[in-house]
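The chains referred to below are lettered A, B, ... by the order of the sequence lines, with proteins before strands, and numbering in each begins at 1.
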2 protein chains.
Amino acid sequence: MPKIPDATIKRLSLYCKELRVLSNEGMEVVLSKDLANRLDLNPTQVRKDLSYFGKFGRRKRGYDVSELLANLSEILGITTDNKIGIFGLGNLGRALLNFKGFSVRGFYVAALFDVDPAKIGSTLFGKQCYALSDAQEIVKKEGIKIAVLAVPDGAAQDVMDVILGCGIKSILNFTQRHVVVPEDVMIRSVDFTDKLELLAYFSRSKSNGR
Amino acid sequence: MPKIPDATIKRLSLYCKELRVLSNEGMEVVLSKDLANRLDLNPTQVRKDLSYFGKFGRRKRGYDVSELLANLSEILGITTDNKIGIFGLGNLGRALLNFKGFSVRGFYVAALFDVDPAKIGSTLFGKQCYALSDAQEIVKKEGIKIAVLAVPDGAAQDVMDVILGCGIKSILNFTQRHVVVPEDVMIRSVDFTDKLELLAYFSRSKSNGR
DNA sequence: AATATTATGTGATATTATTCACTTAATTAA
DNA sequence: TTAATTAAGTGAATAATATCACATAATATT
């Protein structure tokens, strides 16, 4: 089996997202060229990326939108129920709890964790909140595979260690800290400051009349 | 002049972020090795990246944290005060209000906007909350150039229209909706579902023993 | 003061990712 | 039915990126 490039894997979810948009727009078929244009990529790259996983297109016709979306979803594991646990229930954690996008993509928030006694044992938006100290037990019981880290920055590494102690290997980090994890653990950080800086640059060049 | 790799540019803000953390921790000097470890990079890469812009380190000693941070900030153009307005004060809006990264990067939250009478006129985390209907006046008065859209998805386009009516040309969109804007407006959307999907893929291939 | 050590800076090299150039299959038109 | 066309699929070439290996400078030690 040929090794699939990291860069390819990262693009798969982009393709998924765009295919959902196309699907909403009522498009039934899409060409590698069109998909590439919409994502600012090279058509060859789109085809090559897809070719690592199979032959999804039809020559002279293109790719069937819903079929390709289904295939990529399958590859990305979006069809299976991915159970996630949210660690930290401040404003950010609660905002994420309200986020509809999880269920749309087959993600299920299975448990909440916090250290605040006022929250532990209570139910937030229909989800049970547990003590951080009980995480190992609950994670195992619920089969949670993905952790969402939404604690205050100062607690990031400590809570991270708890998460690792639960055997979770996939983490979505919403803190601003760069937490250290073992090599077999995948951590992705959500950071929008790069976009902020870009917008700042844009608004500045706007007002300069450039 | 040697061409600076795109990958290097993208890492500069990572370095900035980590240097700010180091600065907060009271570190005055940092080694390329340490910076690399904290960011999960190779020390050589850190040095090479920095070397495109100059010689900031001292052999046998390392890099002066605040000096390097100042240099990188200069390079990235993070200097002027950018005034932003937050539209929508649900959990997400409040989470953003708490977000320290704004001020650290020279962004200043100048006003909050909502439609909830209970919030209008009140002060949240030291910031004044105004009625959405007063946005035009306040935006002009405060000189707000960037809008953060954090309203419920259903209200996205309506509030977007209000924002546009204020003459704001730079928008950071936290809703899941695809909002329509004129061509001279820059909108950046914050979406982490691609990362979620990547994590799902990873956790699945893990359990398959791949 | 001389020597050893350590960490930066960097040309050379290895690795990884992208694009080219072409083949193949499906469709359309003659 | 045959030829022309079009778009996917793909090995090979190119380009971009990361790492190695070592020269260089600063500091510490003897």
(request) Going 5' to 3' through nucleotides 20-29 of chain C, assign each nucleotide B (protein heavy atom under 4.0 Å from a base atom), S (under 4.0 Å only from sugar-phosphate atoms) or - (no protein heavy atom that close). (result) B---BBBB--
Nucleotide [N], atom [atom2] - distance to [atom1] of [X] in whole Å:
X       : N      : atom1 : atom2 : value
B:Lys33 : D:dT19 : NZ    : C1'   : 17 Å
A:Lys3  : C:dA17 : NZ    : C1'   : 10 Å
A:Leu12 : C:dA17 : CG    : C1'   : 15 Å
A:Lys10 : C:dT16 : NZ    : P     : 13 Å
A:Ile9  : C:dT18 : CD1   : P     : 12 Å
A:Asp6  : D:dA18 : CG    : C1'   : 13 Å
B:Asp34 : C:dT6  : CG    : C1'   : 13 Å
A:Leu68 : D:dA8  : CG    : P     : 11 Å

(request) Using the side-chain contact (heavy atoms from CB on, under 4.5 Å) rule, pick out the option among B:Val46, B:Leu41, B:Asn42 that qualifies with B:Thr44. (result)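 Result: among B:Val46, B:Leu41, B:Asn42, B:Asn42 is the only option passing the side-chain contact (heavy atoms from CB on, under 4.5 Å) with B:Thr44.
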(request) Only one of A:Leu112, A:Ile171, A:Leu132 passes side-chain contact (heavy atoms from CB on, under 4.5 Å) with A:Phe87; say which it is. (result)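 The single option meeting the side-chain contact (heavy atoms from CB on, under 4.5 Å) with A:Phe87 is A:Leu132.
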(message) More than 12 heavy atoms of other residues, nucleotides or ligands under 6.0 Å from NZ of A:Lys17: yes or no?
(response)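 It does: A:Lys17 NZ has more than 12 such atoms within range.
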(message) Could you check whether atom CG of A:Asn24 has more than 12 heavy atoms from other residues, nucleotides or ligands sitting under 6.0 Å from it?
(response)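 Buried by this count: over 12 neighbours within 6.0 Å.
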(request) Looking only at side-chain atoms of A:Tyr52, point me to the closest of D:dT17, C:dT10, C:dT18. (result)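 Closest nucleotide to the A:Tyr52 side chain: C:dT18.
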(request) Verify whether one side chain among A:Asp161 and A:Gln157 offers a donor that lies under 3.5 Å from an acceptor in the other. (result)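 A pair is found: one side chain offers a donor N or O, the other an acceptor, under 3.5 Å apart.
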(request) Please check the phosphate of D:dA8 (OP1 and OP2 only) for any side-chain N or O of A:Ser32 closer than 4.0 Å. (result)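 So the side-chain polar atoms of A:Ser32 do come within 4.0 Å of the phosphate oxygens OP1 or OP2 of D:dA8, strictly under.
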(message) With a 4.0 Å cutoff (strictly under), does any side-chain N or O of B:Lys55 reach OP1 or OP2 of C:dT10?
(response)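 For C:dT10, OP1/OP2 do have a side-chain N/O of B:Lys55 under 4.0 Å.
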(request) Go through the structure and list residues passing ring pair (Phe, Tyr, Trp, His ring centres under 6.0 Å) with A:Phe102, not counting sequence neighbours. (result)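 Applying ring pair (Phe, Tyr, Trp, His ring centres under 6.0 Å) to A:Phe102 gives A:Phe99.
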(message) I'd like to know if the side chain of B:Arg94 reaches the main chain of B:Leu89, judged simply by a donor and an acceptor atom lying under 3.5 Å from each other, with no hydrogens or angles considered.
(response)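 Answer holds: yes.
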(message) Can you work out whether A:Asp49 or B:Gly54 has the more 5'-proximal nearest nucleotide on DNA chain C?
(response)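 The residue whose closest nucleotide sits nearer the 5' end is B:Gly54.
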